[in-house]
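Beneath this line is the structure, given in structure tokens, with notes to follow.
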Amino acid sequence: MLEQIIVDDFVLRQVPATLEYAQIIYDIFAEDVETFKFWMSGGVRDSVGEVLSYYEKREQNDGVRWRHAMYGIFQNDELLGEIGFSGIDLQYKTGEIGYWLKKSARGRGIIEKLLPTIEKLGFEKLGLRKIDIWCDADNIASRRHAEKNGYVLEGIQRERKLWPDGSVHSTAMFGKLKSEYKK
Ligand SMILES: CC(C)(COP(=O)(O)OP(=O)(O)OC[C@H]1O[C@@H](n2cnc3c(N)ncnc32)[C@H](O)[C@@H]1OP(=O)(O)O)[C@@H](O)C(=O)NCCC(=O)NCCS
């Protein structure tokens, strides 16, 4: 994972697994539970401690084969969201891109601006063969990003997820091959 990436006035760097950031992220999620359900498969984290433990585990879970490369999106030192690889399979040379933004940062084209940077990192620096974007089939904003960036809808995995409220959700699977990547 690169230390930091600068794109215009955005600084991408890892969110430290500290109580301070756990509180900030907990507040961001709590402000917009309805949208963040898509990010957390139906249940936002119940406490600041849960958020902290998630970030601690994410740091520790990097194994021989699997890696994370999620970057906090900072503007003037304010955390606006995250973007990066929520999972990299070093053996298969594939990665899955994930992103989220706090409510007030949406609709400003931030993901649109940063997605190509992450894609470039994956294909050119990390040597990936394929990048996926998997999202809830009802997550229109996320699907738009995949579509606008030339990801191919490879299928809908029907009723793949069961959320804590009992509802079932399908997953839209988008992917882009290195051969489809335009520098
Ligand atoms: C996904 C997320 C980062 C998108 O935020 P954003 O980049 O600011 O995106 P926008 O709100 O500008 O929406 C992107 C596009 O979808 C469209 N869109 C969003 N919601 C829509 C809806 N309900 N119906 C129709 N179109 C919609 C927007 O009009 C925009 O279209 P455009 O590109 O043609 O202008 C944000 O919604 C989020 O943080 N969601 C929670 C986390 C999440 O779901 N992450 C993705 C997991 S795979």
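In each ligand, atom 1 is the first atom listed, and ligand 1 is the first ligand listed.
Checked against a 3.5 angstrom limit, the closest N/O atoms of Trp134 and ligand 1 fall outside it. Ligand 1 has a nitrogen or oxygen under 3.5 angstrom from a nitrogen or oxygen of Lys148. Ligand 1 has no N or O atom lying under 3.5 Å from any N or O atom of Gly109, backbone or side chain. Of the N or O atoms in Arg144, one or more lie within a sub-3.5 Å distance of an N or O in ligand 1. Checked by distance only, ligand 1 and His145 come closer than 3.5 Å through their nitrogen or oxygen atoms.
With a 4.0 Å cut-off on non-hydrogen atoms, Ile133 does not touch ligand 1 at all.
A 4.5 Å side-chain heavy-atom check between Phe10 and Ile83 finds every atom pair outside the cut-off. Side-chain contact check for Phe85 versus Ile131: some heavy-atom pair is nearer than 4.5 Å.
Protein heavy atom nearest atom 38 (C) of ligand 1, with residue, atom name and distance: Arg106 NE, 3.5 Å. Looking only at protein heavy atoms, the nearest one to atom 44 (O) of ligand 1 is Asn139 ND2, 2.7 Å. Ranking protein heavy atoms by distance to atom 39 (O) of ligand 1, first place goes to Leu101 N, 2.9 Å. Looking at atom 27 (C) of ligand 1, its nearest protein heavy atom turns out to be Ile140 CG2, 3.7 Å. The nearest protein atom to atom 13 (O) of ligand 1, hydrogens excluded, is given as Ala141 CB, 3.7 Å; this is a heavy-atom distance. The protein heavy-atom contact nearest to atom 47 (C) of ligand 1 is Trp39 CE3, 3.7 Å. The protein heavy atom nearest to atom 40 (N) of ligand 1 is Thr35 CG2, 3.4 Å. Regarding atom 46 (C) of ligand 1, its nearest protein heavy-atom neighbour is Tyr99 O, 3.3 Å.
Of the possible polar contacts, one joining the Asp136 side chain to the Asp138 backbone as a donor-acceptor pair under 3.5 Å is found. No donor-acceptor pair under 3.5 Å is formed between the side chain of Asn76 and the backbone N or O of Glu78.
Taking 4.0 Å as the cut-off, Gly107 counts as a neighbour of ligand 1 on heavy-atom distance. Judged by the shortest distance from any of its heavy atoms, Arg143 lies outside the 4.0 Å radius around the atoms of ligand 1. Residue Ile110 places no heavy atom under 4.0 Å from ligand 1.
For ligand 1, the atoms sitting less than 4.0 Å from at least one non-hydrogen atom of Phe38 are 44 (O), numbered in the order shown with element in parentheses. Within ligand 1, counting atoms from 1 as listed, the ones closer than 4.0 Å to a heavy atom of Trp100 are 39 (O), 42 (C).
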Legend entry - Evaluation steps, side-chain contact (heavy atoms from CB on, under 4.5 Å), between Lys37 and His169: CA-CA 11 Å; Lys37 276 181 182 170; His169 292 257; over 6 Å; no

Inset, instruction - Any chance you could lay out the side chain to side chain donor-acceptor pair (under 3.5 Å) test for Thr18 and Tyr55, step after step, and finish with the verdict? - result: CA-CA 8 Å; Thr18 61; Tyr55 277 81; over 6 Å; no

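Only one option out of Ile25, Asp27, Asp46, Ile24 pairs with Val51 in a side-chain contact (heavy atoms from CB on, under 4.5 Å); it is Ile25.
By the definition of a contact as any protein heavy atom under 4.0 Å away, atom 15 (C) of ligand 1 is in contact. Using a 4.0 Å threshold on non-hydrogen atoms, atom 29 (O) of ligand 1 does not count as touching the protein.
Taking all heavy atoms of Ile111, Thr171, Leu115, Ile73 into account, the minimum distance to atom 3 (C) of ligand 1 is reached by Ile111.
Within 6.0 Å of the CZ atom in Arg65, the count of heavy atoms belonging to other residues, nucleotides or ligands exceeds 12.
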